[in-house]
Undergrad: 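Got a structure here, written out as structure tokens. Questions coming.
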Amino acid sequence: MTIRTRFAPSPTGYLHIGGVRTALFNWLYARQHGGQFILRIDDTDRERNIEAALTPILHGFRWLGLEWDEGPEVGGRYGPYFQSQRAEWYQAAIEALLDRGAAYRDYASPDEIQAERDVARQDGQPFVYSRRFMAKTDADVKRFEAEGRLGVIRLKMPREGKLVLDDLVRGRVEFDWAAEQDHVIGRADGSVLYNLATVVDDHAMKISHVIRAEEHLSNTPRQVFIYQSLGHDIPKFAHLPYVAEPGSKNKLSKRKLDIYRKQRDFAKLADRGQRIAERLGISMNGENFSPVIVDFYEQIGFLPEALVNYLLLLGWSLDDKTEEFTRDRMLEVFSLERINRAPASFDPQKLMAFQARAMQQLPLEQKVALMIPYLQRAGMVADPPPDAVVSYARQIIDAAGDRIEMAGDILEYADFFTPDDQLTYDEKAFAKRLHKNSEAAGLLYKFHQILIATEVCDAGSFETLLKTFVDSEGINIGQIIHALRVAITGKGVGFGMFETMAILGRDRCAARIDCALRKL
RNA sequence: GGCCCCGUCGUCUAGCGGUCCAGGACUCCGGCCUUUCACGCCGGCAACACGGGUUCGAGUCCCGUCGGGGUCACCA
């Protein structure tokens, strides 16, 4: 049997982090078995702007390297892959269900149903519809319609027995048929509902394994009933635990951002992203630019493999120590059996750790290639950048080393690109290292004199120069170096002082010291 | 409330009856390195929800309790 899995996103305009994890597991399972991963668009509801809402989603999948074998833009033998274009399949299924007595036309109004539901709930009983408005004959249909009632199609669920399901993640799960409702599968206007559409499509597209989030577990009995009634083979099911909020067991939701922003770790990541976005001039709205949305990570310069690696370990593990997985390795060792049954909460800090590690391992040239576009978008370098600018940036990136954890962090070193007389100073650092340090100005002035009288240009020579100066003054290097850093970079912290000086060059260092001195 | 699922450090997890006074990773806290920051290195805090069984022996099996969550739509 060919393994075929699918992921069926709604065209909402963004890719949710939990959804991507589900998609990843589907992708891995299909690909590791030489099968196909299908993308199907769940657009039964929204007709408008599908194009615009779909683009970011497809883009996200490609960015993460989760290529689909069939679906939008790539086609496939079992298309169309948009549910809005599959109405005839659904209609045929409804007819078949009606013919076989597995479904019926029902003329109850929503209020009448709700009233029955309320009674059941009050009694602490599962709701079972009385079928009072079920049309048994054509005459019933005429009568109900004459009363002005609108008919829907309901499943005629079994009222006894049990369904035993063998879930690939959860094991044996049992449901009483009697507790199941007569779910609506078709509306009066002829449109169909989710439960019908998924079953019809999964069957038509020969999906062998339905790997989805656990909130669908309770949908499974009604879907199985449809499969059975239509005489279709039932696929294997695997229900994944959902992804929970940072520090809680609640399901992660894109609608609760206000609450997450108060959570320390989440806020830290979100703020960091915001900072980069501001520098890039990205206009963002909270819903679409947050650590819950995949696009966020691409924008701020995450490595897709880091995100994927983290997501893989969110609910799955190989053993007690392995954490780093290449794509090939995951394909080799992934298995549904090792998926955890309890929900896993999203931990921004751990994700950050994966990203930092991946960035550390990236060769310098690749970092440069990744970061130049950020400098361009922030308006710091021309497009295309002259060779000299690229090598200047390369020196900065090299010197910054693992202080740059994501590509967008390069913007923290914007001061290397600002004209010497326009440097802005960190106020606190300036006050502490220059204003409050009475000897700073004098030392800087003297060192400035020495600097302009020499021709040094490499880090080692700058170091010798400063150390010689320090010796001759009979001071500690700490007494000048902090002031020097603030004067030259505007900040109290940064990477190696001498490398910084070498990158800027003697003239610019001198000019910057001069500017700082004038501010005093 | 009905149904279903879940329950090991703050978080992600290892553990499939003895080798677990519970291991790894992230975070956090010390220390070292050091011109700052970061990296790195060393060390530390920290968990089997509870109660009954079964067993020579239980984090591991069974039952119950408690707790958490999902779902109960003419949404997906």
Side-chain angles (χ1 to χ4, degrees), chain A residues 8-10 12 42-45 83 106 108-110 113-114 117 120-127 150-154 165 167 169-171 173-176 178-181 183-189 191-195 197-198 212-221 239 241-242 244 246-251 264-265 310 313-324 338 340-354 356 360 400-405 429 433 463 466 470 476-486 489 491-498:
Chain A
S10 296
T12 49
D42 224 318
D43 57 350
T44 42
D45 256 8
Q83 293 195 321
D106 182 65
S109 71
I113 291 288
Q114 191 54 45
R117 215 192 309 272
R121 186 163 183 147
Q122 230 159 25
D123 297 347
Q125 294 296 318
F127 163 57
L150 289 172
V152 297
I153 312 294
R154 284 184 187 278
L165 216 71
D167 190 278
V169 170
R170 324 205 87 92
V173 184
E174 296 187 3
F175 298 88
D176 279 328
E180 282 292 316
Q181 306 179 34
H183 303 275
V184 174
I185 52 172
R187 296 190 184 92
D189 67 2
S191 60
V192 301
L193 271 354
Y194 168 76
N195 286 118
T198 7
R212 67 202 342 180
E214 82 173 284
E215 48 265 45
H216 290 287
L217 187 57
S218 49
N219 287 333
T220 311
H239 287 95
Y242 58 88
S248 113
K249 288 296 179 201
N250 293 1
K251 196 171 84 169
R264 186 175 122 251
D265 302 334
Y310 172 73
L313 263 2
L314 202 54
W316 180 87
S317 67
L318 175 66
D319 55 28
D320 59 341
K321 41 182 72 81
T322 317
E323 292 216 315
E324 281 187 68
R338 289 198 61 86
N340 228 75
R341 282 195 280 271
S345 53
F346 172 67
D347 181 353
Q349 286 197 119
K350 185 129 186 175
L351 169 56
M352 205 50 237
F354 275 92
Q360 263 175 25
D402 39 40
R403 290 171 187 81
I404 295 180
E405 295 183 324
R433 300 302 189 185
E463 182 165 4
L466 186 70
V470 161
N476 234 312
I477 194 161
Q479 288 169 268
I480 180 173
I481 202 162
H482 302 295
L484 188 59
R485 179 185 299 284
V486 175
T489 68
K491 291 178 189 157
V493 299
F495 48 79
M497 191 68 252
F498 307 113

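In what follows, chains are A, B, ... by sequence order, proteins preceding strands, each numbered from 1. On a predicted model such as this, the values are computed, not experimentally measured, just so you know.
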Undergrad: Under 4.0 Å, counting only non-hydrogen atoms across every strand here, what does A:R264 touch: a base, just sugar-phosphate, or nothing?
TA: sugar-phosphate

Undergrad: Return a single string for nucleotides 7-16 of chain B, one symbol per nucleotide in 5' to 3' order, where B is base contact, S is sugar-phosphate-only contact and - is none, cutoff 4.0 angstrom on heavy atoms.
TA: S---BBSSS-

Undergrad: Does the side chain of A:T220 come within less than 4.5 Å of A:R212's, by heavy atoms?
TA: yes

Undergrad: Which part of the nucleic acid does A:K491 contact within heavy-atom distance under 4.0 Å: base, sugar-phosphate only, or nothing?
TA: nothing

Undergrad: Taking all non-hydrogen atoms of both residues, which atom of A:N250 and which atom of A:S248 are closest, and how far apart?
TA: N-OG, 2.8 Å

Undergrad: Using the ring centroid of each side chain, check whether A:Y194 and A:H183 are separated by less than 6.0 Å.
TA: no

Undergrad: On a heavy-atom basis, which atom in A:F498 and which in A:I477 lie closest, and how many Å separate them?
TA: CZ-CD1, 4.3 Å

Undergrad: Taking any heavy-atom pair under 4.0 Å as a contact, classify A:Q122: base, sugar-phosphate, or nothing.
TA: nothing

Undergrad: Can you identify which nucleotide, out of B:rU36, B:rC72, B:rA76, has its nearest atom closest to the A:H482 side chain?
TA: B:rU36

Undergrad: With a non-hydrogen cut-off below 4.0 angstrom, is A:G478 in contact with a base, only sugar-phosphate, or nothing?
TA: nothing

Undergrad: How long is the span from the OG atom in A:S345 to the NZ atom in A:K350, to the nearest 0.5 Å?
TA: 11.5 Å

Undergrad: Between atom CG in A:N219 and atom C1' in B:rA73, what is the gap in whole Å?
TA: 11 Å

Undergrad: Is a donor from one side chain sitting under 3.5 angstrom from an acceptor on the other, for A:S191 and A:R187?
TA: yes

Undergrad: In this structure, how many angstroms lie between the C1' atom of B:rU71 and the CD atom of A:E214, rounded?
TA: 10 Å

Undergrad: Which is true for A:Q360 with a 4.0 Å heavy-atom rule: it touches a base, it touches only sugar-phosphate, or it touches nothing?
TA: sugar-phosphate

Undergrad: Select base, sugar-phosphate, or nothing to describe what A:N476 touches, counting heavy atoms under 4.0 Å on all strands.
TA: nothing

Undergrad: Starting from the 5' end of RNA chain B, give me the residue, A:R117 or A:R485, whose nearest nucleotide shows up first.
TA: A:R485

Undergrad: Identify the nucleotide, in any strand shown, that forms a Watson-Crick or G-U wobble pair with B:rC28, with both distances under 3.5 Å; if there is none, say none.
TA: B:rG44

Undergrad: Quick one: look up who B:rC3 pairs with, Watson-Crick or G-U, both distances under 3.5 Å, and put none if it's unpaired.
TA: B:rG70

Undergrad: Quick one: A:L165 CG to B:rC4 P, roughly how many Å, whole number?
TA: 13 Å

Undergrad: Please tell me which of A:S218 and A:P110 maps to the more 5' nucleotide of RNA chain B, matching each residue to the nucleotide holding its nearest heavy atom.
TA: A:S218

Undergrad: For A:D265 and B:rU27, what is the distance between atoms CG and P respectively, to the nearest whole Å?
TA: 10 Å

Undergrad: Of all the choices, B:rG24, B:rG70, B:rA76, which nucleotide is nearest to the side chain of A:K321 once you look at every atom?
TA: B:rG24

Undergrad: What residues, two or more places apart in sequence or in another chain, satisfy side chain to side chain donor-acceptor pair (under 3.5 Å) together with A:H482?
TA: none

Undergrad: Counting only Watson-Crick or G-U wobble pairs whose two distances fall under 3.5 Å, which nucleotide matches B:rU55?
TA: none

Undergrad: Reckon A:F127 touches a base, only the sugar-phosphate, or nothing at all at heavy-atom distances under 4.0 Å?
TA: nothing

Undergrad: For the side chain of A:R403, counting heavy atoms from C-beta on, which of B:rU35, B:rA38, B:rA76 is nearest?
TA: B:rA38

Undergrad: Name the nucleic acid region contacted by A:F495, choosing base, sugar-phosphate or nothing; use a 4.0 angstrom heavy-atom cut-off, strictly under.
TA: base

Undergrad: Mind listing the closest non-hydrogen atom pair of A:Y242 and A:E215 along with its distance?
TA: CB-OE1, 3.8 Å

Undergrad: State which of B:rA76, B:rG69, B:rA38 makes the closest approach to the side chain of A:H216.
TA: B:rA76

Undergrad: How would you label the contact of A:E405 with the nucleic acid (heavy atoms, under 4.0 Å): base, sugar-phosphate, or nothing?
TA: nothing

Undergrad: Looking at every strand, decide which applies to A:A483 at a 4.0 Å heavy-atom threshold: base, sugar-phosphate, or nothing.
TA: nothing

